Amino acid sequence: MKKSAMTFLLVTALLGSLLTACSGNSANNNNNVPTSTSEATHSGESSPGSSPEASPSESASPSSEASGSPEPSESAEAGKSPEPTKTPEASKAPEATKKPEPTKKPEPSKKPEPSKKPEPSKDPAPATKDLLDGMLKQVEQPSLMDIDADQLKELYGIDTKILAEFSAKMPMMNVKTNEIAIFKVKNAKDIAAVKKGIKKRAEAVQKSFEQYLPDQYENAKNYKVATKGNYVLFVISESADDLEKAFQAAFDKK
């Protein structure tokens, strides 16, 4: 009986030690589960009477937490390898610009044809001075001087406004009555006014020489008046007929 009781006590003691060991292992396994730092701190504060053996397990919690694989942070996500940038497409080579067509050489401008010289009119109006000079070349006369517009108005009484032009000469010495004048009127109706002035001048010359030199007086009485178109000729000269012919011939040559 005593041996059986002893055996039972030994078995009971072994079972108790085994249970104690099992309970200790399960506690250790539970301590291995990571807890937040705040829970551990709270646990420590709530059980101040816990045995010192619990401290290693509590201190082990942070290490276990540290050993645990950390959750990937946002920075890790950002650290993902960037997608390779697309290689830029090669820019198209610019189309070759068309070569400008060579400018056509300007054709040489045609030389302007020389303008035809105007044909001389069949009956050009000669200048009175040319007529008078031509007559004096053909028929010699004593020395003569020109009569200007003021003298013409005084001696002949002709208004120069009715004249297109005129040329007149009188002797340089008062011993001669030779005088030649050619008038060209603007309007043929003024020929009568010119003839009237010529008559006035002829009478004045005659009167000057009537008592002075009879031969010159006769010369003045035989003066000549001729017309050709708008031209009027007045001549006092011993060669009045020749001078008149030269005057008419000048128009016939034209």
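Quick caveat: nothing in here was measured; it's all calculated off a predicted structure. Scope of the values below: all heavy atoms of this structure, side chains included, with no hydrogens, waters or symmetry mates.
Smallest separation of non-hydrogen atoms from Leu243 and Leu233: O-CD2, 4.5 Å. Here the shortest heavy-atom pairing between Ala188 and Asn230 reads CB-OD1, 3.7 Å. Closest heavy-atom contact between Ile191 and Gly229: CD1-O, 3.5 Å. The two residues Leu132 and Ala168 make their nearest non-hydrogen contact at CD2-N, 4.3 Å. Residue Ala164 comes nearest to Lys186 through the heavy atom pair N-CG, 3.7 Å, listed as atom of the first residue, atom of the second, then distance.
Expressed to the nearest 0.5 Å, how far CZ of Arg201 lies from CD1 of Ile158 amounts to 11.0 Å. In this structure, CG in Asp242 is found 10.5 Å from NZ in Lys224, a value given to the nearest 0.5 Å.
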With a 3.5 Å cut-off and sequence neighbours excluded, list the donor-acceptor pairs that the side chains of residues 203-214 form with protein atoms.
from	atom 1	to	atom 2	distance (Å)
Gln206	NE2	Ala220	O	3.2
Ser208	OG	Ala204	O	3.0

Without placing hydrogens or testing angles, list every side-chain donor-acceptor pair under 3.5 Å for residues 170-178, not counting sequence neighbours.
from	atom 1	to	atom 2	distance (Å)
Thr177	OG1	Gln216	OE1	2.8
Thr177	OG1	Asn219	ND2	3.0
Asn178	ND2	Gln141	OE1	2.8
Asn178	ND2	Glu238	OE1	3.2

task = Show the numbers, then the answer: is there a side chain to side chain contact (heavy atoms under 4.5 Å, CB included) between Lys245 and Val139?
result = CA-CA 10 Å; Lys245 288 179 183 178; Val139 182; over 6 Å; no
inquiry  = With ring pair (Phe, Tyr, Trp, His ring centres under 6.0 Å) as the criterion, how do Tyr231 and Phe247 come out once you've worked through the C-alpha distance, each side chain's angles and the decisive distance to 0.1 Å?
reply    = CA-CA 10 Å; Tyr231 295 84; Phe247 171 75; 7.0 Å; no
request  = Carefully, step by step, assess Val194 and Ile162 under the rule side chain to side chain contact (heavy atoms under 4.5 Å, CB included).
outcome  = CA-CA 9 Å; Val194 171; Ile162 68 172; 4.3 Å; yes
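In terms of the side-chain contact (heavy atoms from CB on, under 4.5 Å) criterion, residue partners of Gln248 (sequence neighbours excluded) are, by chain and number, Ala226, Lys228. Tyr217 is linked by a ring-ring contact (aromatic ring centres under 6.0 Å, His included) to nothing, counting only residues two or more places apart in sequence or in another chain.
Linking Ile, Leu, Val, Met, Phe, Trp and Tyr whenever their side-chain heavy atoms come within less than 4.5 Å puts Ile236 and Leu152 in one cluster. Under the 4.5 Å side-chain contact rule for hydrophobic residues, Val185 and Val235 do not share a cluster. Cluster annotation: Leu155 and Val232 are assigned to the same hydrophobic cluster (Ile/Leu/Val/Met/Phe/Trp/Tyr, side-chain heavy-atom contacts under 4.5 Å, transitive). Cluster membership for Phe166 and Ile198, using ILVMFWY side-chain heavy atoms within less than 4.5 angstrom, is shared. Hydrophobic clustering, with ILVMFWY side chains joined whenever heavy atoms are under 4.5 angstrom apart, keeps Ile147 apart from Ile182.
Looking at Lys221 and Glu218, their side chains come closer than 4.5 Å, going by heavy atoms from C-beta outward.
Listed by first and then second residue, the side-chain hydrogen bond (donor to acceptor under 3.5 Å, both in side chains) pairs that reach into residues 129-139 are Lys129-Asp133, sequence neighbours excluded. Residues in residues 150-168 take part in these side-chain hydrogen bond (donor to acceptor under 3.5 Å, both in side chains) pairs, two or more places apart or across chains: Thr128-Glu165, Thr128-Ser167, Tyr156-Glu179.
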